[in-house]
Amino acid sequence: MGMEQAWVLPAIPAVLFVVIALFNGLMPRRGDFLAILGMATVVGLVFVILVEFQGAFQGGLFTPEGANAYAFDWINIGQGFFVIEFSTYVDAITMVMLPVVTIVALMVMVYSVGYMHGEVRYGWYFAVLSLFVAAMLTLVVSGNLIQLYLAWEGVGLASYLLIGFYWERQSAAEAAKKAFITTRIGDVGLLIGIILLWRATGTFDIQEIISAATSGQIGDRYLTIAMLFLFGGAVGKSAQFPLHVWLPDAMEGPTPVSALIHAATMVVAGVYLVARFSPVYAEVLVARDVVLYTGLITAMMAASMGLVTTDIKRVLAYSTVSQLGFMFVALGVGAVGAAMFHLFTHAFFKALLFLGSGSVIHATHQQEVGALGGLRKKLPITTATFIIGSLALSGIPIFAGFFSKDEILHYVQADGGPVVYVLLAGTALLTAIYTTRLVLLTFFGEPKDHHAYDHAHESGPAMALPLIFLAVLATVAGFFVFDQVGEALGFAGGIGALVYIDHPHHFTQVDYAFAGIATLTALAGIGIGMAYWRGDARRAVQARAWAPDLHALLANRYYMDDLYQGIINRVILGAATVVAWFDKRIVNETGVDGGAQTISYLGYRLKFLQTGRIPNYALGMAVGVVALAIVAVGTRG
Amino acid sequence: MTESDGYVLLALFLVPLGTAVLLMLVPSRERAVIIGVTALSSTAMLALSLYTFASYSFAEGQQFQGVLAFTWMENMGVLGADGIQVKVGIDGITASLVLLTGIVIVPGTWVSWKVQHRTKDFFVLLYILTSGVFGVFVLLDLFFWFMAYEVALLPMYQLIAIWGSTRKEYGAMKLMMMLMAGSIFIFTVIFALYTHVGAGTFDMEVLINAQKDENFQKVFFPLVVIGCGALGAMFPFHSWSPDGHASAPTAVSMLHAGVLMKVGAFGVLRLGFQMMPEGGAFWAPALIVVGIVAALYGAISALKQTDMKLMMGFSSISHMGYVFLGLGTVNVIGWSGAVLQMTAHGLMTALFFLLIGGMYDQAHNRDIPNFSGMAKQMPIWTVFFILASLASLGLPGLSGFVAEVHIFIGAFRAYPIVGGLAVLTAAITATYLLRMLSQAFFGEMNPRWTGLKEITWAERAGATVLALAILTLGLWPSPWIDRIGPSIIQIAGVGL
């Protein structure tokens with residue numbers, strides 16, 4: 001087992017999906033143990049691959065051989081006329097994704113045993129989780145763009161099925177539909193981008209395309225257009241402005257699903273895609289600037305909406321959108337390593353926060369912060385781990401998020417210009433504020449719904465252990481940047497070289513002044529939050545009274561959902577009405593039925609020629625004969 | 001495929017024909033016999049078509065395989081030595097279409113066993129129709145080819161008018177009138193080809209390989225497109241399709257949308273592009289326009305439909321638009337996509353109509369707003385329906401994507417803007433299908449339908465056959481591509 005056998009990783013959950021989906025009714029515990037065992041095996045295999053990958057460390061970079069493993073021709077028209085070849089490719093970017101996906105998936109599955117206990121369709125739930133993991137792993141090991149697209153849609157399908165898991169609720173069904181269609185709009189761009197790249201290079205192989213593009217074989221303007229279309233896919237999948245609207249609604253799904261799919265893994269697929277093509281984006285700076293500003297707008301917008309949202313999961317959803325924006329900003333200034341590092345740490349602390357919110361919802365059956373409060377006494381483990389996650393999200397030193405966010409800010413300051421830097425730092429401040437607000441309203445102050453509060457209690461180890469494990473990761477994952485730490489753990493050149501990809505030797509020292517400013521920003525955010533809310537929900541009402549228009553703007557999500565709904569109702573369904581009318585009235589009734597009626601009318605008229613009187617017919621014959629005679633004579637000349 | 005396999009090809013259309021004759025001799029009250037005979041016969045057809053598909057493998061220099069000819073009329077009047085023959089033979093394209101027909105007829109037979117009214121007559125007509133479809137795919141003599149073409153159409157009228165629902169007389173009459181009008185064009189082209197080539201034969205191999213004047217091709221190619229396009233529900237000759245589907249009984253909708261519409265597209269390929277390549281090249285841009293307009297037009301119209309069958313009718317127009325778009329690209333990738341799409345759309349649309357029929361037989365209602373939360377009442381039905389929808393909206397891993405990606409790429413090679421619009425159409429398809437799923441299948445159960453039962457075992461089995469075929473083509477398309485691709489490369493006048 002090594003890099004060349006990377007196809008085994010998605011194969012295991014894929015087989016388990018089929019087995020569990022078809023036979024979960026026959027299995028004890030509906031097959032949940034199978035999914036978890038399979039997942040644990042995959043985690044083990046990832047580390048086996050990681051060890052082999054370590055052996056390829058040379059001169060500060062990973063240069064693995066055999067990473068691009070040929071698999072088979074999926075489509076081959078006429079011996080090489082047109083080929084789509086499925087292959088696996090493992091490099092440093094893949095090696096960051098693999099542990100993230102598999103570890104979070106394993107934690108979420110274990111957690112789900114407790115969280116989903118007694119739910120309907122329990123076996124189906126684990127089957128679709130396995131399907132998701134299979135598709136996600138295929139996505140990150142794909143060496144081919146069509147294969148990547150296949151996996152890309154596969155994770156979308158799993159997301160659709162899981163958002164709509166409680167389909168008896170109309171809102172869940174609508175949210176699933178919205179998520180699928182919104183991301184599908186992005187996927188139109190992705191597929192067009194893929195085909196445009198094929199058209200220029202004649203191949204779908206990612207590495208061949210990158211080398212063709214970086215060696216200047218494709219015209220600049222053409223390449224810019226292709227890369228913008230490709231980015232469209234990332235915008236949809238990673239819920240970036242203007243296609244971010246589906247992610248908050250996706251919170252209709254079970255909470256562990258939100259942690260896995262809508263926080264840690266699927267939504268970072270867009271980041272992965274852009275990171276994968278970063279050498280090409282470095283060639284077309286216009287496209288890369290679009291990435292930068294899309295990320296910046298998204299980060300700011302989502303953070304501001306997180307300030308007023310009252311649903312605990314939706315706050316985290318906006319936070320996710322915002323943090324993904326941070327990653328795109330990093331990609332937009334060419335800091336691939338920083339983006340991947342933030343992806344890495346964010347996966348752990350955001351999954352932790354989601355699972356923590358799940359624990360709250362499980363205990364209280366409430367997810368409106370207005371009905372929570374004071375839960376720290378009832379849910380000590382959840383509270384402690386949630387606070388660790390919040391500190392990581394806010395960017396307080398020693399916690400993982402601090403290091404990665406600091407890196408992004410560092411690169412932005414250097415390469416993005418002062419305006420972008422200030423705006424992004426301001427967003428970091430907002431992050432700390434809304435995070436503090438969430439923690440205070442949920443866990444501190446007085447309980448607002450006593451019925452929910454009285455019945456709340458910490459759930460069993462299946463839910464507590466993943467929280468603790470992820471809390472540990474959210475604390476230590478940041479230290480991985482330091483080469484000394486990595487080497488102490490037995491990684492050649494430190495883990496930083498692995499996560500950091502193209503900037504391997506940057507992280508031996510800390511810029512204390514810069515880190516100090518970032519820390520102060522985060523502390524200021526927490527301070528503002530604590531000073532304002534102090535666990536008092538009434539403050540929210542005051543905030544609304546203080547700036548009602550601003551509050552309405554944020555609470556209504558900048559009216560973008562309304563705008564889209566308006567476009568769908570007025571423009572798209574309007575066009576459909578016109579076309580359907582045209583088809584019914586013009587094509588069918590006028591053209592087809594009208595044609596038929598004309599003929600039947602003519603038949604009605606002409607039948608009167610059939611008089612039944614001999615003289616009429618004789619006259620007709622005579623006229624005919626004369627006419628024929630004239631024609632005959634005329635043509636003979 | 002050897003020469004003796006020609007007898008298998010003969011059997012393909014003689015088995016359903018023979019079954020129809022046999023059924024005529026069975027007294028109508030003997031339902032068990034009728035069911036037994038049709039069960040055997042449909043299984044035999046599936047086995048024969050599987051054998052045909054499996055034994056075909058492309059060989060250089062062989063335009064058609066399994067060629068077998070019996071002369072019927074020779075040296076009479078204008079007829080030459082090979083005048084009119086019963087001649088069979090297939091290439092990779094027809095191999096895949098034969099398999100499609102075999103796969104669709106089996107579930108079509110199974111679900112028709114619940115027809116109570118004049119069961120025997122129903123199957124007689126259904127099998128005559130099937131015989132015609134197989135005939136179109138395997139016959140290589142234009143005289144009998146056209147006969148098979150007509151035989152495939154005529155039973156539609158009775159099948160819809162007698163066993164249909166809603167506005168069945170109107171639907172049947174409209175369908176028949178429009179398709180017959182199309183036949184006139186085809187008839188004209190056949191005789192024009194015969195006289196223009198002047199070899200005194202209707203042998204398609206001779207006619208394909210003969211030299212034809214360029215102006216002749218330019219004049220007669222559009223007639224083929226109009227004539228066959230009407231059967232393929234090509235915009236603007238599609239009007240019979242939604243009404244015809246809406247009023248047809250389940251098995252007829254399945255066969256019609258699943259296979260007969262493909263006969264139309266296949267006619268454009270064989271009678272049009274293969275006979276008149278230069279005319280095809282000349283008119284290809286028009287075909288592209290018609291194709292992309294149909295794809296968008298059908299999809300946008302489908303957004304507004306509330307009757308499930310009407311929605312599927314417009315959806316079919318949209319998907320057949322892809323086929324004509326693929327044909328219009330005149331390159332190997334686009335054409336492969338067009339032929340793959342015939343199979344892909346045939347499978348998923350047959351599954352759709354099977355499922356809608358299974359529900360309509362109980363509810364006597366197909367209006368989407370009347371339903372809600374059906375997943376609770378009919379979970380198995382819902383699973384199959386979701387699968388068909390996902391295939392239809394082009395989800396990778398299912399049949400639709402394999403075909404569509406070829407068509408998109410082919411279109412991008414020809415005209416990038418059209419390719420972009422085609423990809424966009426796939427997003428509109430997702431919109432109308434997911435809107436229907438969300439409204440009718442999810443949400444709270446509408447108590448009005450608590451009496452509905454899950455689909456019958458025959459329907460489940462039939463749906464399973466189609467679902468497996470959809471998955472196989474989607475995940476492992478090589479068997480189809482290995483047969484279709486080389487045959488297309490061989491057709492003259494086509495570049496990459």
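What you see is a predicted model, and the numbers here were worked out from it, not measured in a lab. Throughout, protein chains are lettered first and strands after them, A, B, ... in sequence-line order, and every chain is numbered starting at 1.
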Do the side chains of [Y] and [X] get nearer than 4.5 Å, heavy atoms only?
X         : Y         : value
Ile77(A)  : His406(B) : yes
Val592(A) : Met177(B) : no
Ile489(B) : Phe82(A)  : no
Thr431(B) : Ile568(A) : no

Under 4.5 Å from a heavy atom of chain B, the part of [X] involved:
X         : result
Arg199(A) : side chain
Tyr149(A) : both
Leu157(A) : side chain
Asp593(A) : side chain
Leu196(A) : side chain

Region of [X] that comes under 4.5 Å of a non-hydrogen atom in chain A:
X         : result
Leu390(B) : side chain
Phe401(B) : side chain
Met178(B) : side chain
Phe58(B)  : neither
Leu393(B) : both
Pro242(B) : neither
Tyr170(B) : side chain
Ile481(B) : side chain

Handout entry: Residues Phe229(A), Val423(B); criterion side chain to side chain contact (heavy atoms under 4.5 Å, CB included); working and verdict
Key = CA-CA 12 Å; Phe229(A) 272 117; Val423(B) 181; over 6 Å; no

Problem - Distance-minimising heavy-atom pair for Leu303(B) and Ala576(A) - result: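 Distance-wise, the nearest heavy atoms are CB-CB, 3.8 Å.
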
Exercise for the section: Measure across Trp74(A) and Leu475(B) and return the closest heavy-atom pair with its distance rounded to 0.1 Å. Expected result: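 Of all heavy-atom pairs spanning Trp74(A) and Leu475(B), the closest is NE1-O, 2.8 Å.
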
Between [atom1] on residue [X] and [atom2] on residue [Y], distance to nearest 0.5 Å:
X         : Y         : atom1 : atom2 : value
Asp482(B) : Asn76(A)  : CG    : CG    : 7.5 Å
Phe408(B) : Ile192(A) : CZ    : CD1   : 9.0 Å
Leu398(B) : Leu150(A) : CG    : CG    : 9.0 Å
Ser301(B) : Asp583(A) : OG    : CG    : 5.0 Å

Which atom pairs, donor and acceptor, lie under 3.5 Å between side-chain atoms of residues 173-181 of chain A and protein residues at least two apart or in another chain?
unit_1: Glu174(A); atom_1: OE1; unit_2: Lys177(A); atom_2: NZ; d: 3.0
unit_1: Glu174(A); atom_1: OE2; unit_2: Gln170(A); atom_2: NE2; d: 3.2
unit_1: Glu174(A); atom_1: OE2; unit_2: Ser438(B); atom_2: OG; d: 2.8
unit_1: Lys178(A); atom_1: NZ; unit_2: Asp249(A); atom_2: OD2; d: 2.9
unit_1: Lys178(A); atom_1: NZ; unit_2: Asp561(A); atom_2: OD2; d: 2.6

Handout entry: Residue among Val579(A), Ile146(A), Val578(A) with most heavy-atom pairs under 4.5 Å to chain B
Key =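 Of Val579(A), Ile146(A), Val578(A), Val579(A) has the most heavy-atom pairs under 4.5 Å with chain B.
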
Handout entry: Largest heavy-atom contact set with chain B, pairs under 4.5 Å, which of Asp187(A), Ile194(A), Thr577(A)
Key =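 Maximum pair count with chain B is reached by Thr577(A).
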
Exercise for the section: Say whether, by atom type as modelled, one donor and one acceptor occur between the side chain of Trp167(A) and the main chain of Gly373(B) under 3.5 angstrom. Expected result: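 Such a contact is absent between Trp167(A) side chain and Gly373(B) backbone.
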
Contact leader toward chain A among [options], where contacts are heavy-atom pairs under 4.5 Å:
options                                    : value
Met445(B), His238(B), Met173(B)            : His238(B)
Lys304(B), Arg435(B), Gln305(B)            : Lys304(B)
Phe235(B), Phe237(B), Phe314(B), Phe412(B) : Phe412(B)
Pro486(B), Ala427(B), Ala430(B), Pro477(B) : Pro477(B)
Gly485(B), Ser478(B), Ala375(B), Gly397(B) : Ala375(B)

Exercise for the section: Take atom CG of Leu602(A) as the centre, draw a 6.0 Å sphere, and report whether it contains more than 12 heavy atoms from other residues, nucleotides or ligands. Expected result: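 Enclosed: over 12 neighbouring heavy atoms sit under 6.0 Å from CG of Leu602(A).
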
Handout entry: Gln62(B) CD: over 12 foreign heavy atoms closer than 6.0 Å
Key =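 Correct, the count exceeds 12.
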
Exercise for the section: Measure up the Phe582(A) and Tyr297(B) rings against each other and bin them: parallel (under 30°), tilted (30 to 60°), perpendicular (over 60°). Expected result: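 Plane angle over 60°, so perpendicular.
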
